[in-house]
Amino acid sequence: MADKQTQLDAIAKAIVDDNITPDLAAQATQLVFGDGNIDADVVLIGEAPGKNEDLQGIPFVGASGKFLNEMLEMIGMKREDIYITNIVKYRPPDNRDPKPEEKKAFLPYLQSQLEVIQPKVIVTLGRHSMNCFLPDLQISKVHGEAKRVRLSYKAGSDIFEVVILPLYHPAAALYNPAQRQTLIDDFAAIPSILKQL
Ligand code: URA
């Protein structure tokens with residue numbers, strides 16, 4: 001079996017070769033596949049790249065990313081300790097929400113990515129990301145509640161036990177002081193979740 005990085009490179013290449021969301025691809029500067037530690041226990045999943053991410057090819061490097069880095073620091077972690085990606089891997093024009101068909105098109109690639117990394121904790125940022133894993137839940141009701149789930153990323157593939165921690169999206173929390181504090185408080189649960197594993 002090829003090493004993890006080789007497998008991840010192959011998934012990124014497949015997104016391009018399979019011509020996933022050609023309309024988004026045509027408008028984007030580049031694919032924003034993922035960044036960070038491919039052996040991490042924690043994977044954070046956002047929605048889709050914004051302007052800065054599109055230009056740099058790295059997820060969460062703009063204002064939301066700065067806030068995320070601050071929260072990581074608050075819990076004694078660094079970007080190098082985690083892996084970070086998005087559901088949709090091309091920037092939607094004008095930062096609009098990803099469309100259901102765009103999320104659906106990228107989901108198998110996200111699942112393959114997770115199957116390679118095998119995180120123990122998946123932190124979903126925002127409702128779009130949460131609903132990929134927990135489709136029937138409302139973020140306002142369940143944010144900060146760690147859910148232990150058994151999931152198979154693909155039909156017939158291995159079962160993985162993971163903890164999913166649904167959090168508000170940092171971009172939404174940035175401009176809403178109450179939500180900002182809620183997100184900081186919810187984020188602070190990550191070390192104790194990791195300790196309990
Ligand atoms: N928001 C996201 O959901 N992802 C990014 O990469 C940047 C902002």
Side-chain angles (χ1 to χ4, degrees), residues 8 11-12 15-16 20-21 23-25 27-38 40 42-74 77-114 117 119 121-135 137-140 142-144 164-177 179-180 182-184 186-187 190:
L8 291 170
I11 298 164
I15 293 173
V16 177
I20 296 307
T21 63
D23 292 350
L24 289 186
Q27 298 193 45
T29 307
Q30 58 193 313
L31 181 78
V32 182
F33 184 67
D35 182 54
N37 182 345
I38 60 174
V42 184
V43 169
L44 275 65
I45 305 175
E47 290 176 13
K51 185 167 183 241
N52 292 294
E53 290 76 19
D54 174 65
L55 291 173
Q56 293 187 42
I58 302 170
F60 284 96
V61 288
S64 306
K66 191 165 167 276
F67 182 30
L68 211 53
N69 292 347
E70 285 166 15
M71 288 191 290
L72 282 168
E73 203 178 323
M74 285 180 214
M77 290 179 83
K78 298 196 184 69
R79 282 283 281 244
E80 302 84 79
D81 297 324
I82 56 137
Y83 186 84
I84 191 159
T85 187
N86 288 299
I87 316 165
V88 168
K89 296 182 192 329
Y90 291 118
R91 181 192 182 200
D94 305 318
N95 293 346
R96 65 157 169 74
D97 278 357
K99 294 179 183 170
E101 62 269 26
E102 292 165 350
K103 291 185 278 183
K104 199 169 161 210
F106 276 104
L107 187 58
Y109 300 90
L110 174 64
Q111 289 170 324
S112 299
Q113 211 172 358
L114 293 168
I117 297 172
V121 180
I122 295 175
V123 178
T124 59
L125 301 168
R127 70 188 162 89
H128 293 284
S129 175
M130 178 186 77
N131 287 147
C132 282
F133 302 92
L134 306 165
L137 300 184
Q138 269 179 280
I139 185 90
S140 57
V142 300
H143 66 85
I164 298 182
L165 179 66
L167 300 185
Y168 282 128
H169 194 288
L174 259 182
Y175 303 104
N176 176 333
Q179 215 176 80
R180 182 186 160 92
T182 304
L183 175 55
I184 291 171
D186 290 348
F187 206 89
I190 295 174

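We're numbering straight along the sequence, starting at 1. Each ligand, and each atom within it, is numbered from 1 in the order the structure gives.
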Where ligand 1 meets [X] - atom numbers and elements under 4.0 angstrom, heavy-atom basis:
{"X": "P59", "value": "6 (O)"}
{"X": "G46", "value": "3 (O)"}
{"X": "H169", "value": "1 (N), 2 (C), 3 (O)"}

Practice task
For residues H169 and Y175, establish whether the separation of their ring centroids is below 6.0 Å.
Solution key: no

Exercise for the section: Report the part of E47 (side chain from C-beta onward, or backbone N, CA, C, O) that has a heavy atom under 4.0 Å from ligand 1; answer both or neither where that applies. Expected result: both

Which heavy atom of the protein is the closest neighbour of [atom], given with residue, atom name and distance?
{"atom": "atom 4 (N) of ligand 1", "answer": "N86 OD1, 2.7 Å"}
{"atom": "atom 8 (C) of ligand 1", "answer": "F60 CE2, 3.8 Å"}
{"atom": "atom 2 (C) of ligand 1", "answer": "A48 O, 3.1 Å"}

Completion exercise
Heavy atoms of I58 and V32 approach each other most closely as C-CG1, 3.6 Å

Exercise for the section: Indicate the atoms forming the closest heavy-atom contact of Q30 with D54, along with that distance. Expected result: NE2-O, 3.0 Å

Completion exercise
atom 7 (C) of ligand 1: of K89, Q56, E53, R91, the nearest heavy atom sits on E53

Problem - S64 N/O to ligand 1 N/O under 3.5 Å - result: no

Practice task
List for me each residue that meets salt bridge (charged side-chain N to carboxylate O under 4.0 Å, His left out) alongside D97, sequence neighbours excluded, and say none if there are none.
Solution key: R127

Exercise for the section: Return the orientation label for the F106 and Y90 ring planes: parallel under 30°, perpendicular over 60°, tilted otherwise. Expected result: perpendicular

Handout entry: Check: T85 side chain, F33 main-chain N or O, donor-acceptor pair, under 3.5 Å
Key = yes

Completion exercise
With sequence neighbours left out, the residues meeting side chain to side chain contact (heavy atoms under 4.5 Å, CB included) with E70 are K66, F67, R180

